[in-house]
Amino acid sequence: MTQQATHSARAHITLPEPTQYARVMGIGAYRPDRVVTNDEICEHIDSTDEWIRQRSGIATRRFAAPEQTVIDLSEPAALDAMAMAGVGPDQIDVVLLATVTHPYQTPAAAPMLADRLGIPAPAAFDLSAACAGYCYGIGLANDMVRSGSARHILVVGVEKLSDFTDPRDRGSAFIFGDGAGAAVVGPSDFPGIGPTTWGSDGKDWDKIAQREPWTDLREAMESPGRADGIHWPSIGMQGQAVFRWAVYSMAPVARKTLEASGVTPEQLSAFVPHQANLRITDSMVKELNLPAHVQVARDIVDTGNTSAASVPLAMSRMLSEDPSLSGGLALQLGFGAGLAYAAQVVVLP
Ligand code: UT7
């Protein structure tokens, strides 16, 4: 028997039926109760309410209670998204949780969240792409639904950045906040999620990064006489460098995403960029020449920068403030540590 004949006699692999289109079926949000003012932040750094508002746009942010975990923050956001989608726990096949602030190296937060929500035996994993994490997740969920590997996917972006921010660091203490946003992605009769533009630039990994690896902390703890050198490895940021990267590199990513989807700025109803800094948002709006009717997310003013949670938090707020946006097109764009970015055009649920 020839090799060819042996091969053809073997069984073929059966593939799942692909689904033509996917969409965001529902979206949800959770903001912790505690409102933290700039004046409170300035108790620990040499700064002022006026400087923080002018340079970042932030007036207040929310901090979770000390005992609240990223699972606690995610649960109400996920329940909101599932209710809006009309999808029950037993219909979710995959839980995909984007975060950089789950304090366990292992296991991931996603299986714990699934257990909390009563989702039986889903594929569940965490995704570490910082402020781009939610948009990475929506891109993956779209591909999973369309390839037939899953039907309904819960995508969560959640951060408890207050645990990983140094309140005495003048360069970052005022910028971060806590919160969670979630979406359910599932099959659709129309294209509800456009092609994802995504990428990274690892040579600039140190522009936003945990200051030391965990192993340095262990070394400090285990070396006699070095105990004084122990400090929590919080997240540090070279603000100006990240600012420049965002301002110069993200408008072209937004433009490319619109082109890949065949959507013009005039056809957009909303622009939901990562809530990094109000000045970055304003400069992108100008650079993209967005028409006046396009609603621009400015959730940062009273939510701060919540990394992976910022896009779904901002989108959920836009939809609750103006339900007529539902069915319109939104350009969403996440960018940050990695450096990593991801963007797509979505039909608003
Ligand atoms: O989410 C991930 C992505 N992250 C981002 O996209 C964040 C990007 N970066 C930023 O948003 C901005 O860089 C910051 C808001 C973090 C800082 O604003 P900036 O305009 O870039 O400030 P800067 O670092 O250029 O500092 C300007 C001045 C300096 O003083 P001199 O040298 O001009 O006298 C700083 O010493 O402001 C001073 N400064 C402050 N003053 C009061 C720096 N930090 C503070 C502060 N309060 N907290």
Decide yes or no on side-chain contact (heavy atoms from CB on, under 4.5 Å) for Val185 and Ile193, but give the supporting numbers first.
CA-CA 9 Å; Val185 173; Ile193 302 172; 3.8 Å; yes
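- Judged by distance alone, the side chain of Ser261 and the main-chain N or O of Leu258 form no donor-acceptor pair under 3.5 Å.
- For the residue pair Gln332 and His274, no side-chain donor N or O sits within less than 3.5 Å of a side-chain acceptor on the partner.
- With hydrogens and angles ignored, the 3.5 Å screen pairs a side-chain donor or acceptor of Gln275 with a backbone N or O of Pro273.
- At most 12 non-hydrogen atoms from other residues, nucleotides or ligands lie less than 6.0 angstrom from CD of Gln105.
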Take Arg31 and Asp178 through the side-chain contact (heavy atoms from CB on, under 4.5 Å) test and state the conclusion after the steps.
CA-CA 7 Å; Arg31 292 160 209 274; Asp178 301 337; over 6 Å; no
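- Tested against Arg317, the residues Asp80, Asp302, Asp322 include a single salt bridge (charged side-chain N to carboxylate O under 4.0 Å, His left out) partner, Asp302.
- Within 6.0 Å of the CD atom in Glu50, the count of heavy atoms belonging to other residues, nucleotides or ligands does not exceed 12.
- With contacts defined as side-chain heavy-atom distances shorter than 4.5 Å, the pair Pro111/Val95 does not qualify.
- Classification of Arg53 and Asp49 as a salt-bridged pair holds, one side-chain N sitting under 4.0 Å from a carboxylate O.
- Salt bridge annotation for Arg211-Asp216: absent, with no cationic side-chain nitrogen under 4.0 angstrom from a carboxylate oxygen.
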Between Glu287 and Tyr248, is a side-chain hydrogen bond (donor to acceptor under 3.5 Å, both in side chains) present by the stated rule, with each step listed?
CA-CA 9 Å; Glu287 187 67 27; Tyr248 293 114; over 6 Å; no
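- You'll find the side chain of Val70 reaches within 4.5 Å of the side chain of Thr101, heavy atoms only.
- Residues Trp198 and Tyr136 bring their aromatic ring centres within 6.0 Å.
- Among all heavy-atom pairs drawn from Val100 and Ser128, the shortest one is CG1-OG, 4.0 Å.
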Would you please test Val158 and Leu97 for side-chain contact (heavy atoms from CB on, under 4.5 Å) and show each step?
CA-CA 7 Å; Val158 57; Leu97 186 146; 3.7 Å; yes
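- Asn277 and Arg55 form no side-chain donor-acceptor contact under 3.5 Å, judged by distance and modelled atom types alone.
- Taking all atoms of both residues into account, the shortest heavy-atom contact from Ala297 to Thr281 is O-CG2, 4.0 Å.
- Judged purely by distance below 3.5 Å, without hydrogens or angles, the side chains of Glu159 and Thr99 pair a donor atom with an acceptor atom.
- For the atom pair Leu73 CG and His102 NE2, the distance stands at 12.5 Å (nearest 0.5 Å).
- Across all non-hydrogen atoms, the minimal contact from Met315 to Ala330 is CE-CB, 4.1 Å.
- For the pair Gln267 (side chain) and Thr264 (backbone), a donor-acceptor distance under 3.5 Å is present.
- Closest approach of Ile175 to Met237, counting heavy atoms only: CG2-CE, 4.1 Å.
- Residue Val346 comes nearest to Ile138 through the heavy atom pair CG1-CG2, 4.5 Å, listed as atom of the first residue, atom of the second, then distance.
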Could you walk me through whether Val311 and Leu313 pass the side-chain contact (heavy atoms from CB on, under 4.5 Å) check?
CA-CA 5 Å; Val311 167; Leu313 273 173; over 6 Å; no
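- Within a 6.0 Å sphere centred on CD of Glu17, heavy atoms belonging to other residues, nucleotides or ligands number 12 at most.
- Salt-bridge annotation for Asp143 and Arg146: absent, with no side-chain N of the basic residue lying under 4.0 Å from a carboxylate O of the acidic one.
- Using a 4.0 Å cut-off between charged nitrogen and carboxylate oxygen, Asp189 and Arg23 do not count as a salt-bridge pair.
- The pair Arg279-Asp282 does not meet the salt-bridge criterion, since no charged nitrogen lies less than 4.0 angstrom from a carboxylate oxygen.
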